[in-house]
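Single-structure report; data block below.
Throughout, numbering of the chain's residues begins at 1 and tracks the sequence.
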Amino acid sequence: MTRRIPILALCIVTACGAGDGDAADSAAPAPVSNTSQPFQQQLAEVNAYVLTMDNVNKFFSAQQNLLNKMAALSPTEREAELARSDAATVPDATLDDLTSRVEKDPVYLAAVREAGITPREYVLVTMSMMQSQLAAGVVKSRPLDDADSLTREMKANAANVRFVREHEVELTRRRTELATLVKRLAGTDGT
């Protein structure tokens, strides 16, 4: 595997959520850009999305599918895929931009569809997980403060923050499985 697989996979694992306490010093989730959708509209769409074990499991399946598809590519194909991915990276991408990126990338699109999730839902799970895990980290780091008030201040979906807190062990296990797969595919797991 090329040295870039860990970079790609790190982005994937990072999108799954931060580790315990990583958000302790953050006051609010990182905003989503407003290049084609008003920021408030994007935030409302992310906040309205409800995380469930079903859609989170599909998200993790899509991540695993993507890693396996990247591993199955020839070195030349993999480099072309990574170059295409690098070229499509926009620092302040909107939800529409991110959805379009998944739809336009044949490897990414196949990984997502095989997991039984639409590209838009995949993006919404990603953003909802990041936002909710950040908020859950802040809530966890401030046990004397009112969790609901903190969640409202961060403009996060309270049900999703509770979901993340209630399923912390399972979500951590799934992130660890992905990180292990990344190491295995990159040949850095010692095997």
Task: Nearest atoms (heavy-atom pairs only) where Q42 meets L95 - done: OE1-N, 3.0 Å

Open item on the list: Going by salt bridge (Lys or Arg N to Asp or Glu O under 4.0 Å), name the residues that satisfy it together with E166, two or more places apart in sequence or in a different chain.
Closed with: none

Task: Atom pair CZ/CG of R184 and L181 - distance to nearest 0.5 Å - done: 5.0 Å

Task: For R174, salt bridge (Lys or Arg N to Asp or Glu O under 4.0 Å) partners two or more places apart - done: E177

TODO: Would you mind listing every salt bridge (Lys or Arg N to Asp or Glu O under 4.0 Å) that reaches into residues 58-71, with sequence neighbours excluded?
DONE: D54-K58, K69-E114

TODO: Specify the closest pair of heavy atoms between F59 and I117, including all atoms of both residues, with the distance to one decimal.
DONE: N-CD1, 4.4 Å

Open item on the list: Do L150 and V161 sit in one hydrophobic cluster, given that two such residues count as connected whenever their side-chain heavy atoms are within less than 4.5 Å of each other, even indirectly?
Closed with: no

- [ ] Determine whether M130 and V50 fall in the same hydrophobic cluster, where Ile, Leu, Val, Met, Phe, Trp and Tyr are linked whenever their side-chain heavy atoms lie under 4.5 Å apart.
- [x] no

Task: Exercise: identify the closest heavy-atom pair between R120 and D96 - done: NH1-OD1, 2.8 Å

TODO: Would you mind listing every ring pair (Phe, Tyr, Trp, His ring centres under 6.0 Å) that reaches into residues 136-168, with sequence neighbours excluded?
DONE: F163-H167

Task: All side-chain hydrogen bond (donor to acceptor under 3.5 Å, both in side chains) counterparts of S74, not counting sequence neighbours - done: E77

TODO: Decide, yes or no, whether a salt bridge links E168 with R165 under the criterion of side-chain N to carboxylate O below 4.0 Å.
DONE: no

Task: With D145 via salt bridge (Lys or Arg N to Asp or Glu O under 4.0 Å) - residues at least two apart - done: R142

Task: L109 to E103 - nearest heavy-atom pair and separation - done: CD2-O, 3.4 Å

